[in-house]
*Asks:* 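First the structure, then my questions, so here it is.
For the numbers below, each heavy atom of this structure counts, side chains included, while hydrogens, waters and symmetry mates do not. Keep in mind that this is a model prediction, so the values were computed, not measured.
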Amino acid sequence: MNLDSIGDWTRTHYTSQVTPELDSQEVTLFGWVQDVRDLGGIRFIILQDREGTIQLTIPKKRVLPEVLTKSDLLQKRFSFGVKGNVKKTTMTSRGIEVIPAAIKIFNVATEQLPIDITGKTPALIEARLDARPLDLTQEQSLATFKVQHTALEAIRSFLFKKDFLEVHTPRIIASATEGGAELFSVDYFGQKAYLAQSPQLYKEELTLSFERVFEVGPFFRAEESHTRRHLSEFTSIDIEAAFANATDVMALLEQVINHVCTVVKEKCANELTLLKHNLEVPTIPFKRLTYDQVLEDLKQHDVTIPWGEDIPTEAFRVLGEIYPYFYFITDWPTHAKAFYIKPREDKPEVSEGFDLMHSYIELVSGGTRISQKEQLIQRLQEKGLNPESFKCHLQAYDYGMPPHAGWGMGLERLTMILTDNKNIREVTLYPRDRVRLTP
RNA sequence: GCCCAGGUAGUAUAGUUCGGUCUAGUAUGUACGGCUGUCGCCCGUAGGACCCGGGUCCGAAUCCCGGCCUGGGCGCCA
């Protein structure tokens, strides 16, 4: 087939911008064939672009012969352009259609697509991820990532207003930052290095200079997790603030969540409708449960956890039934939290760490940090970590480390909540998990 | 790392219990033909599959063993 060059054509409108008010005006549209319905004497072609779809109507006896010839060739997913006249009509749900005056075909697509993109026989997640570039053209995928984009935009602008600087810390590091979690190792010019699992230590150090910082970026966990809420590579939204404690950053966090939900609900109304999700904007303040209250609630539901133990997923699921929306869990036992979380001064066995939960999923983890060097060293030792390997980090505490607090939020988990997706891979463009490294 | 479930056309599924007209059914997609108002268009025709290897048996999609692959759960966490 002879393909056309784009030549001097320029898009005048996205499909979503074509309205009945443009009746009888000429528009130039670019996009892809989503579907062709040929009734014999009349043919309907659905043009899709990133903003939506529009119907092209071709009455075969009343269009130019070259338009008819070109439209004969069009198949699903061909990329093409059309110049045509907008026509107001009651025959389409959008109240408009476009009668082509010229068609340019830019590229073809394989006849048999690897997944059904019409929604009639939806493919399973595995087949969809194998054909991810194609899968992402589906309206639900587009809607999901538009929500994510909008959420991120809302978070950034909110944090900018609250005086936070956006920073970028290293992804390649010399040693484990938090102990615990497994790290991916990389060869760094013959030296052993690792992919960062979190910006934790760097962002804390930066409170010494920039006071209030945030970072959005990918982090890596070499845990062989096999669930619908874990990825080997995920995007973290991290903040850290000097001269603040857990209470301060929790207040900030609930404002962030409230703001994001408000903005997404307003700007992505169409996307949420498409995703059949009625997003509720949570009211501030969020419910705050102490660890002790959680244990008590669980006991009421015949789940007994000894004080000091971490809460297993099974118990979180029960808790998620009781509190189906956003809620904080505070006052965690110190030894259940990371070494950098500050123990309460009046009750050292309890920490100033907190989690923000949404149903049974942990969305955010944060807390007041330890800012005294001696205490940090002591906590490292209690955790079985060698202070010597944290030498570089510990030096920051020699230069007037301010009291500080912060949190880290999983962007994909947030997107799951905002779009009501049950699988984290749905909200990740190219997910990386235990068994998937491609595409 | 541990546990459970499952691999049937491009996609999604029926059939596996209890082996036998299963010559493997259906939907959708694809190809071809027909149709002037569709919007999950419709009608007709065609082509398209039992994960791999071994075993039991007169006979295996079905039962057994091994392998590979996938989904889900746990632990861990964002």
*Asks:* Between A:F339 and A:F390 (judged by ring centroids, cut-off 6.0 Å), do the two rings come close enough to count as a pair?
*Replies:*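 Aromatic pair counts; centres sit under 6.0 Å.
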*Asks:* Nearest-Å distance, CH2 (A:W407) to P (B:A78)?
*Replies:*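 Rounded to the whole Å, the gap is 14 Å.
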*Asks:* In Watson-Crick or G-U wobble terms, both distances under 3.5 Å, what is the partner of B:G37?
*Replies:*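 Pairing partner, where one exists within any strand: none, as none qualifies.
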*Asks:* If I take atom CZ in residue A:R413 and atom P in nucleotide B:C77, what distance separates them, rounded to the nearest angstrom?
*Replies:*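 These atoms are roughly 11 Å apart.
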*Asks:* May I ask which nucleotide in the shown strands pairs with B:G6, Watson-Crick or G-U wobble, both distances under 3.5 Å?
*Replies:*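 Paired with B:G6, as far as the under-3.5 Å criterion goes, is B:C69.
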*Asks:* Going by an N to O cut-off under 4.0 Å, is there a salt bridge joining A:D433 and A:R228?
*Replies:*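 Not counted as a salt bridge, because no side-chain N and carboxylate O are separated by less than 4.0 Å.
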*Asks:* I'd like to know if A:K146 and A:E51 make a salt bridge, using a cut-off of under 4.0 Å between side-chain N and carboxylate O.
*Replies:*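 Result for this pair is yes, salt bridge flagged.
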*Asks:* Look at all strands and tell whether A:D38 reaches a base, only sugar-phosphate, or nothing, counting heavy atoms closer than 4.0 Å.
*Replies:*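 A:D38: base contact, heavy atoms under 4.0 Å.
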*Asks:* Closest approach to the side chain of A:E111, judged atom by atom: which nucleotide of B:G37, B:G75, B:A31 is it?
*Replies:*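 Among B:G37, B:G75, B:A31, the one nearest the side chain of A:E111 is B:A31.
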*Asks:* Quick one: look up who B:U45 pairs with, Watson-Crick or G-U, both distances under 3.5 Å, and put none if it's unpaired.
*Replies:*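 Pairing partner, where one exists within any strand: B:A31.
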*Asks:* How many Å lie between CD on A:E224 and C1' on B:U70, as a whole number?
*Replies:*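 Whole-Å distance recorded here is 16 Å.
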*Asks:* Is A:K76 close enough to B:U11 that one of its side-chain N or O atoms is under 4.0 Å from OP1 or OP2 there?
*Replies:*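 So the side chain of A:K76 is outside the cut-off, no N or O lying under 4.0 Å from OP1 or OP2 of B:U11.
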*Asks:* Is the base of B:A78 stacked against the aromatic ring of A:F219, taking ring centres under 5.5 Å apart and planes under 30° as the test?
*Replies:*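 Not stacked by the 5.5 Å and 30° rule.
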*Asks:* Taking atom C1' in both B:G34 and B:G25, compute the distance separating them and give it to the nearest angstrom.
*Replies:*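 B:G34 and B:G25 have their C1' atoms separated by 27 Å.
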*Asks:* What is the distance from atom CZ of A:F326 to atom CD of A:E280, rounded to the nearest 0.5 Å?
*Replies:*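 Nearest 0.5 Å value for the CZ-CD distance: 10.0 Å.
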*Asks:* Rounded to whole Å, how long is the line connecting atom CD1 of A:I54 with atom C1' of B:U38?
*Replies:*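 Rounded to whole Å, this separation is 16 Å.
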*Asks:* Considering only B:A78, B:A12, B:G72, which nucleotide approaches the side chain of A:A127 most closely?
*Replies:*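 For the A:A127 side chain, the nearest candidate turns out to be B:A12.
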*Asks:* Who does B:U23 pair with, Watson-Crick or G-U, both distances under 3.5 Å?
*Replies:*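 Result: none.
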*Asks:* For nucleotides B:C39 and B:G7, find the distance between their C1' atoms and express it as a whole number of Å.
*Replies:*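 Pairwise C1' distance, B:C39 against B:G7, rounds to 36 Å.
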*Asks:* From the options B:C74, B:C41, B:A78, select the nucleotide whose nearest atom is closest to the side chain of A:H230.
*Replies:*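 So the side chain of A:H230 is nearest to B:A78.
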*Asks:* Taking for each residue the nucleotide of RNA chain B bearing the nearest heavy atom, is the 5' side occupied by A:P122 or by A:K60?
*Replies:*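 Nearer the 5' end of the strand: A:P122.
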*Asks:* Using whole Å, report how far CZ of A:R317 lies from C1' of B:G72.
*Replies:*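 That distance rounds to 10 Å.
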*Asks:* With rounding to whole Å, what would you report as the distance between B:U62 and B:U16 at their C1' atoms?
*Replies:*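 Per the computed distance, 4 Å lies between those C1' atoms.
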*Asks:* Could you state the interatomic distance from OG1 (A:T57) to CZ (A:R43), rounded to the nearest 0.5 Å?
*Replies:*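 One gets 12.0 Å once the value is rounded to the nearest 0.5 Å.
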*Asks:* Students often get this wrong, so: under 4.0 angstrom with heavy atoms, is A:E126 touching a base, only sugar-phosphate, or nothing?
*Replies:*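 Here A:E126 touches the backbone only, sparing every base.
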*Asks:* Nearest to the A:K120 side chain among B:A78, B:C74, B:U28, which nucleotide is it?
*Replies:*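 So the nucleotide nearest the side chain must be B:U28.
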*Asks:* If you go through the side-chain atoms of A:Q112, does one of them form a donor-acceptor pair with the base of B:U11 closer than 3.5 Å?
*Replies:*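 There is none.
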*Asks:* Would the base of B:A78 count as contacting A:R221 through its side chain, where contact means a donor and an acceptor less than 3.5 Å apart?
*Replies:*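 By the distance-only test, yes, there is a pair.
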*Asks:* B:G71, B:C39, B:C41: which one has an atom nearest the side-chain heavy atoms of A:H226?
*Replies:*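 When the side chain of A:H226 is considered, B:G71 is the closest of B:G71, B:C39, B:C41.
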*Asks:* Among the candidates B:G73, B:C41, B:U30, find the nucleotide nearest to the side-chain atoms of A:R228.
*Replies:*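 Taking heavy atoms from C-beta onward, the closest nucleotide is B:G73.
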*Asks:* For A:Q55 and B:C41, what is the distance between atoms CD and C1' respectively, to the nearest whole Å?
*Replies:*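 From A:Q55 CD to B:C41 C1': 11 Å.
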*Asks:* When you get a sec, tell me which of B:U28, B:U38, B:A78 is the closest nucleotide to the side chain of A:T92?
*Replies:*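 It is B:U38.
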*Asks:* When we call it a touch if two heavy atoms are under 4.0 Å apart, what does A:I237 touch: a base, just sugar-phosphate, or nothing?
*Replies:*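 Since no nucleic acid heavy atom lies under 4.0 Å of A:I237, the category is nothing.
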*Asks:* Measuring only the P atom in each nucleotide, how far is B:G6 from B:G15? A whole number of Å is fine.
*Replies:*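 Taking atom P in both B:G6 and B:G15, they lie 13 Å apart.
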*Asks:* Quote, to the nearest angstrom, the C1' distance that separates B:C32 from B:G72.
*Replies:*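 B:C32 and B:G72 have their C1' atoms separated by 43 Å.
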*Asks:* Relative to A:Y360, does A:R317 satisfy both conditions: NZ or CZ under 6.0 angstrom from the six-membered ring centre, and within 45 degrees of the ring's axis?
*Replies:*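 Satisfied, under 6.0 Å and within 45°.
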*Asks:* Give one of base, sugar-phosphate or nothing for A:L363, where a contact means two heavy atoms less than 4.0 Å apart.
*Replies:*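 Result for A:L363 = sugar-phosphate.
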*Asks:* In terms of side-chain geometry, is the basic nitrogen of A:R128 or A:D135 positioned less than 4.0 Å from the acidic oxygen of its partner?
*Replies:*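 Salt bridge between A:R128 and A:D135, a charged N being under 4.0 Å from a carboxylate O: yes.
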*Asks:* Using heavy atoms to find the nearest nucleotide of RNA chain B for A:S225 and A:V435 separately, return the residue whose nucleotide is more 5′.
*Replies:*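 Looking at the nearest nucleotide for each, A:V435 comes out on the 5' side.
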*Asks:* Which whole number of Å gives the distance between the P atom of B:U11 and that of B:G1?
*Replies:*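 Between the two P atoms, the distance is 29 Å.
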*Asks:* Check this one for me: any side-chain N or O of A:T121 less than 4.0 Å away from OP1 or OP2 of B:A27?
*Replies:*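 For B:A27, neither OP1 nor OP2 has a side-chain N or O of A:T121 closer than 4.0 Å.
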*Asks:* Check every atom of B:C74, B:C39, B:G72 against the side chain of A:R425 and return the nucleotide holding the closest atom.
*Replies:*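 Of the options given, the side chain of A:R425 lies nearest B:G72.
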*Asks:* Taking atom P in both B:C63 and B:C18, what distance in whole Å separates the two?
*Replies:*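 Taking atom P in both B:C63 and B:C18, they lie 9 Å apart.
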*Asks:* Have a look at A:R62 and say if it touches a base, only the backbone sugar-phosphate, or nothing, with a 4.0 Å heavy-atom cut-off.
*Replies:*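 Touches nothing.
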*Asks:* Just the rounded figure in Å: distance from P of B:C2 to CD of A:E223.
*Replies:*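 In whole Å, B:C2 P and A:E223 CD are 15 Å from each other.
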*Asks:* Less than 4.0 angstrom between a side-chain N/O of A:K422 and OP1 or OP2 of B:G72, yes or no?
*Replies:*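 No, outside the criterion.
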*Asks:* Determine yes or no for a side-chain-to-main-chain donor-acceptor pair under 3.5 angstrom, with A:K60 supplying the side chain and A:G40 the backbone.
*Replies:*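 Between the backbone of A:G40 and the side chain of A:K60 there is a qualifying donor-acceptor contact (under 3.5 Å).
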*Asks:* Please give the distance between the P atoms of B:U21 and B:U36 as a whole number of Å.
*Replies:*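 Those two atoms are separated by 46 Å.
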*Asks:* I'd like to know if the side chain of A:T118 and the backbone of A:K120 have a donor-acceptor N/O pair within less than 3.5 Å.
*Replies:*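 It does hold such a pair.
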*Asks:* Just the rounded figure in Å: distance from P of B:C35 to CD1 of A:I42.
*Replies:*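 The distance from CD1 of A:I42 to P of B:C35 comes to 14 Å, rounded to the nearest Å.
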*Asks:* Regarding A:R344 and A:D331, does a basic nitrogen lie under 4.0 Å from an acidic carboxylate oxygen?
*Replies:*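 Answer for the salt bridge query: yes.
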*Asks:* Ignoring backbone atoms, establish whether A:N423 has a side-chain N or O less than 4.0 Å from OP1 or OP2 of B:G72.
*Replies:*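 True: A:N423 side-chain N/O within range (under 4.0 Å) of B:G72 OP1/OP2.
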*Asks:* Looking across every strand, which nucleic acid part, if any, lies under 4.0 Å from A:P59 by heavy atom: base, sugar-phosphate, or nothing?
*Replies:*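 It contacts nothing in the nucleic acid.
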*Asks:* Of the nucleotides B:A78, B:C39, B:U36, which one has an atom closest to the side chain of A:L39?
*Replies:*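 Selected nucleotide (nearest to the side chain): B:U36.
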*Asks:* For the side chain of A:D35, counting heavy atoms from C-beta on, which of B:A12, B:C41, B:A78 is nearest?
*Replies:*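 So the side chain of A:D35 is nearest to B:C41.
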*Asks:* Is A:Q75 close enough to B:A31 that one of its side-chain N or O atoms is under 4.0 Å from OP1 or OP2 there?
*Replies:*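 The answer is yes; a side-chain N or O of A:Q75 sits under 4.0 Å from OP1 or OP2.
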*Asks:* Whether A:R229 contacts B:C74 is assessed here as follows: a side-chain N or O lying under 4.0 Å from the phosphate OP1 or OP2. Is that the case?
*Replies:*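 Indeed, a polar side-chain atom of A:R229 lies that close.
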